[in-house]
Amino acid sequence: MRVRMTSAALATLVVTSFVGGVMTLPGEAGEPAMPEGDYIVVLTDRTDPTRMASEHAQSHGARMMHIYRHALRGYAAHLSAEAVAEIAADPRVAFVQPDGVVSTMHQSQPTGIDRVDADLSPTAGIDGVDTQVDVDVAVLDTGVDLQHPDLNISRRKDCSTAERGVDDGNGHGSHVAGIIGARDNNIGVVGVAPGARIWPIKVLDADGRGSFSDVICGIDFVTGNAHKIEVANMSLGGSGLDKPCGGAEPDALHEAICASVAAGVTYVVAAGNARFDASRTVPASYDEVITVSALVDFDGKPGGAGGPTCRFETDDTFAEFSNYGADIDLIAPGLCILSTWTNGGYNTISGTSMSSPHVAGGAALYLANHPGASPAEVKAALQAAGSGDWNNIDDPDGIKEPLLNVAGL
């Protein structure tokens, strides 16, 4: 069963239900047979995913989309209803789940850089001299403008099964990359961690849509390069619940992230833009990631004196579209953010998709000075450095999460 989620104007995340969990045999406990569609097959620990994928392709007609070797052992494939039941019964298969779909959470100016005090960070060193923060950051998104003069592009990976090529056909991924690491080169904009090496990993198509299996492909690539990549940003999300890794109801996306975090990669994700509790969205609800909500900030300064620019909201408050709840770890600017775009350009959009890369940039600054710090240590350090200098009067959960501040990083 292929479950879809689409992005909408003004960065609103529109979700449909996600059918996931462990597959059971037809008729077992009254469970209906699963239909033909795209599935994620997770194998037992010692099973060779390449060999198993080849075997299942021959014996069950599985049409392979991805093979996972690092974050998970398994594969994603299009399967017939009969093949789903047979593969789920294979003792070498841990579980099978329907693929799902994720989308961008978008809609943003370097007022955000000012608001998080990146210009005061000694590591960022924002002074017009094109130095580079020595950190590698993966951007799992719509791709990145590979020729943009403001971005320091490193290795790349195409995980999108909808279209080929890592170059950005949407703009969202390029925008995220610029917030993280646009170069301090006196043109365009500057990012939180100027010149950080950006690894474009395309998991969403030009419409900002992709599948859970595509995202796992990206996580798998990041995990295989965890000796180089310190931070991964995912400004995307899908409908789902937090099923603890290793629990009775396994979830392939969560299992992959847990393995990648265990390998040392810090994941920063957008809370979502549906104005509901982030516990209903993945990966935002996962405890292993840093989940970021959106702050309204029009002038880059505290005090609530900034006048509306691209949206009519109240300065220094919780963004009206932002998801909320106990899963939120930090808040960062997310409205009217100017950043890099396709074709060497720049654009202003809003959303928690813009908040997340501010924090990813903050994580990069911290890791530049604390190499080898664990993801949990990075999260704790950013929370400890955060500020309470914002107005949470309209935050639905009443929890005042720390506002990212990187002045001391």
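Values in this document were obtained by computation on a predicted structure and should not be read as measured data. All heavy atoms count here, side chains included; hydrogens, waters and symmetry mates do not.
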J.: Out of curiosity, Lys379 NZ to Ser374 OG, how far, rounded to the nearest 0.5 Å?
T.: 10.5 Å

J.: Using atom types as modelled and distance alone, determine if a side-chain donor or acceptor of Asp141 lies under 3.5 Å from a backbone N or O of Gly143.
T.: no

J.: Kindly indicate, with the supporting measurements, whether the criterion side chain to side chain contact (heavy atoms under 4.5 Å, CB included) is fulfilled by Arg156 and Ile201.
T.: CA-CA 6 Å; Arg156 71 286 313 256; Ile201 303 177; over 6 Å; no

J.: Tell me, with the steps shown, if Asn405 and Ser387 meet side chain to side chain donor-acceptor pair (under 3.5 Å).
T.: CA-CA 6 Å; Asn405 188 284; Ser387 164; 5.7 Å; no

J.: Describe, in one word, how the ring planes of His254 and Tyr286 are oriented to each other, choosing from parallel (under 30°), tilted (30 to 60°) and perpendicular (over 60°).
T.: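 Ring orientation of His254 relative to Tyr286: parallel.
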
J.: Between Arg92 and Glu55, does at least one N-O distance fall below 4.0 Å, as a salt bridge requires?
T.: yes

J.: Would you say the ring centroid of His148 lies under 6.0 angstrom from that of Tyr346?
T.: yes

J.: Hey, is the main chain of Val189 close enough, under 3.5 Å, to the side chain of Asp150 for a donor-acceptor pair?
T.: yes

J.: Looking at Gln383, I'd like to know if its CD atom is crowded, meaning that more than 12 non-hydrogen atoms belonging to other residues, nucleotides or ligands lie closer than 6.0 Å.
T.: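 For Gln383, atom CD is crowded (more than 12 foreign heavy atoms under 6.0 Å).
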
J.: Can you spot which of Val133, Ile229, Asp134, Leu151 makes a side chain to side chain contact (heavy atoms under 4.5 Å, CB included) with Arg197?
T.: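 Testing each of Val133, Ile229, Asp134, Leu151 against Arg197, the sole residue satisfying side chain to side chain contact (heavy atoms under 4.5 Å, CB included) is Asp134.
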
J.: Assess whether atom CD1 of Ile187 is packed by more than 12 heavy atoms of other residues, nucleotides or ligands within 6.0 Å.
T.: yes

J.: State plainly whether the residues Arg73 and Asp45 are in salt-bridge range, i.e. N to O under 4.0 Å.
T.: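 The answer is no: the pair does not qualify as a salt bridge.
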
J.: Please check if any side-chain donor atom of Thr47 sits under 3.5 Å from a side-chain acceptor atom of Thr44, or the reverse.
T.: yes

J.: Check Arg115 with Asp316, please: is the shortest side-chain N to carboxylate O separation under 4.0 Å?
T.: yes

J.: Just how far is it from atom OG1 of Thr111 to atom CG of Asp299, taken to the nearest 0.5 Å?
T.: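 Answer rounded to 0.5 Å: 8.0 Å.
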
J.: What verdict does the side chain to side chain contact (heavy atoms under 4.5 Å, CB included) test give for Val93 and Phe95, after you've listed the backbone C-alpha separation in whole Å, the side-chain angles of each residue and the deciding distance to 0.1 Å?
T.: CA-CA 6 Å; Val93 173; Phe95 64 94; 5.7 Å; no

J.: Ignoring hydrogens and angles, state whether a donor on the side chain of His78 or Tyr39 is under 3.5 Å from an acceptor on the partner side chain.
T.: no

J.: Given 3.5 Å as the limit, does a donor-acceptor pair link the side chain of Asp220 with the main chain of Arg69, or not?
T.: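 Checking the backbone N and O of Arg69 against the side chain of Asp220, a donor-acceptor pair under 3.5 Å is found.
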
J.: Quick one: does Asn273's side chain have a donor or acceptor within less than 3.5 Å of a partner on Gly351's backbone?
T.: no

J.: Could you please spell out the steps behind the side chain to side chain contact (heavy atoms under 4.5 Å, CB included) verdict for Ile290 and Tyr267?
T.: CA-CA 6 Å; Ile290 302 174; Tyr267 279 80; over 6 Å; no

J.: Going by distance alone, is a donor N or O of one side chain under 3.5 Å from an acceptor N or O of the other, for Thr317 and Asn391?
T.: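 Per modelled atom types, Thr317 and Asn391 side chains form no pair under 3.5 Å.
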
J.: Find the distance between CG (Leu382) and CG (Asp329) and round it off to the nearest 0.5 Å.
T.: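 Separation between the atoms: 10.0 Å.
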
J.: Looking only at side chains, do Glu401 and Ser293 share a donor and an acceptor under 3.5 Å apart?
T.: yes

J.: Does the pair Asp168/Lys202 count as a salt bridge with the N-to-O cut at 4.0 Å?
T.: no

J.: CZ of Arg51: more than 12 outside heavy atoms within 6.0 angstrom?
T.: no

J.: Walk me through whether Ile126 and Ile113 qualify under side chain to side chain contact (heavy atoms under 4.5 Å, CB included).
T.: CA-CA 10 Å; Ile126 298 175; Ile113 303 302; 4.1 Å; yes

J.: Testing Val41, Leu43, Val42 one by one against Pro49 for a side chain to side chain contact (heavy atoms under 4.5 Å, CB included), which residue passes?
T.: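 The side chain to side chain contact (heavy atoms under 4.5 Å, CB included) with Pro49 is passed solely by Leu43 among Val41, Leu43, Val42.
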
J.: Hydrogens and angles aside, do Ser160 and Asp205 bring a side-chain donor and acceptor to less than 3.5 Å of each other?
T.: no

J.: Out of curiosity, Asp395 CG to Trp390 CH2, how far, rounded to the nearest 0.5 Å?
T.: 4.5 Å

J.: Is the Tyr68 ring parallel, tilted or perpendicular to the His66 ring (thresholds 30°, 60°)?
T.: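 Rings of Tyr68 and His66: parallel, as their planes differ by under 30°.
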
J.: Going by an N to O cut-off under 4.0 Å, is there a salt bridge joining Lys228 and Asp136?
T.: no

J.: For Ser279 and Asp277, which I'm curious about, is there any donor-acceptor pair between the side chains at under 3.5 Å?
T.: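 The answer is yes; a qualifying pair exists.
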
J.: Check Asp130 with Arg183, please: is the shortest side-chain N to carboxylate O separation under 4.0 Å?
T.: yes

J.: Test Ile180 against every option in Ile198, Val192, Val135 by the side chain to side chain contact (heavy atoms under 4.5 Å, CB included) rule and name the one that passes.
T.: Ile198

J.: Got a donor-acceptor contact below 3.5 angstrom from the His175 side chain to the Asn347 backbone?
T.: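 Yes.
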
J.: Starting at CG of Asp119, measure out to CG of Asp114 and round the result to the nearest 0.5 Å.
T.: 5.5 Å

J.: Working to the nearest 0.5 angstrom, can you tell me the gap between Ile328 CD1 and Ser322 OG?
T.: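 Spacing of CD1 (Ile328) from OG (Ser322) equals 6.0 Å.
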
